[in-house]
Amino acid sequence: MKQLDYYEVKNLKQAKVLSDDLRMRIISMFRDDKPRTAKQVADELELPASKVHYHVKELEKLGLLILIDTKINGGIVEKYYLPIAKNIRIRLSRTEGEGIHEFHEQSQIINSTLREFRNSFLKSIEEARKNEEFFKPLFFQMKQTLTNEDRDELYNELKSLSEKWNEKMNQKTASEGNGEEYNLFLSFHKIID
């Protein structure tokens with residue numbers, strides 16, 4: 001199987017697998033698009049091979065890591081993996097997560113995603129400070145009182161913007177992918193006191 005440019009996680013089982021911090025770190029190891037074995041990932045993360053191998057198998061079982069190549073090295077079969085896609089996004093439907101168990105799993109996924117975003121954002125701020133870069137990371141938060149019509153209009157604009165850029169990135173070929181990677185986190189929700 002060939003690695004895709006883009007993959008959208010739409011089911012709770014796949015999203016739950018990604019809610020584990022170590023699994024997110026494993027997926028992140030492949031940002032350079034270089035296939036690795038579970039042992040190589042373990043060595044880079046400085047973790048026991050057996051622990052990483054278990055998580056790699058879980059990621060493979062749900063189709064989030066794919067087997068790219070196998071090689072025989074000294075009588076040992078080495079399996080080389082890549083993520084299913086260069087860009088993996090989580091988008092759960094509104095119908096999923098209606099039970100208490102599913103709600104708890106969604107909460108874990110949200111917490112893991114927020115933690116990953118927070119860590120990435122803080123590293124980006126620190127790097128911009130060290131290098132006195134022109135581009136500064138942007139963190140924008142606003143609270144607004146909206147009518148139902150305003151809410152719907154803003155929601156649709158944000159959704160449209162997100163879909164426009166997803167489509168634009170999906171149309172790019174690997175040869176055009178010579179830019180730098182950026183993280184975008186978008187949330188729109190009602191404040192419940």
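Remember, predicted model here, so these are calculated numbers, not experimental data.
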Quiz item: Would Tyr7 and Gln14 count as having a side-chain donor-acceptor pair, cut-off 3.5 Å?
Solution: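 Checked: Tyr7/Gln14 side chains pair up, N/O donor to acceptor below 3.5 Å.
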Quiz item: Does the side chain of Tyr80 come under 3.5 Å of the side chain of Glu78 through a donor N or O and an acceptor N or O?
Solution: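 There is such a pair (donor and acceptor under 3.5 Å, judged by atom type) between the side chains of Tyr80 and Glu78.
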Do side-chain atoms of [X] reach the backbone of [Y] as a donor and acceptor pair under 3.5 angstrom?
X: Arg23; Y: Glu58; result: no
X: Ser162; Y: Leu158; result: no
X: Gln40; Y: Thr37; result: yes

[X] versus [Y], closest heavy-atom pair with distance:
X: Ile27; Y: Leu64; result: CD1-O, 4.1 Å
X: Arg36; Y: Met29; result: NH1-O, 3.0 Å
X: Ile88; Y: Pro83; result: CD1-CB, 4.0 Å
X: Ala42; Y: Ala49; result: CB-CA, 3.7 Å

With a 4.5 Å cut-off on side-chain heavy-atom distances among I, L, V, M, F, W and Y, is there a chain of contacts connecting [X] to [Y]?
X: Tyr54; Y: Val52; value: no
X: Ile191; Y: Met142; value: no
X: Val9; Y: Phe30; value: yes

Measuring from atom [atom1] of [X] to atom [atom2] of [Y], what distance do you get when rounded to the nearest 0.5 angstrom?
X: Asp152; Y: Leu146; atom1: CG; atom2: CG; value: 9.5 Å
X: Leu82; Y: Leu67; atom1: CG; atom2: CG; value: 10.0 Å
X: Leu154; Y: Asp150; atom1: CG; atom2: CG; value: 8.5 Å
X: Tyr155; Y: Ser160; atom1: OH; atom2: OG; value: 12.0 Å
X: Leu45; Y: Lys51; atom1: CG; atom2: NZ; value: 10.0 Å
X: Asn119; Y: Ser124; atom1: CG; atom2: OG; value: 12.5 Å

Close side-chain approach of [X] to [Y], heavy-atom, < 4.5 Å:
X: Asp33; Y: Gln3; result: yes
X: Arg151; Y: Thr147; result: no
X: Leu65; Y: Ile84; result: no
X: Glu127; Y: Asn131; result: yes

Quiz item: Above 12 or not: heavy atoms from other molecules or residues under 6.0 Å from CZ of Arg115?
Solution: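 It does: Arg115 CZ has more than 12 such atoms within range.
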Quiz prompt | Ion pair Lys79/Glu60, N-O distance below 4.0 Å | solution =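 No.
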Exercise. Kindly determine whether Glu126 and Leu122 satisfy side-chain contact (heavy atoms from CB on, under 4.5 Å), including the steps that lead there.
Key: CA-CA 6 Å; Glu126 185 61 33; Leu122 292 174; over 6 Å; no
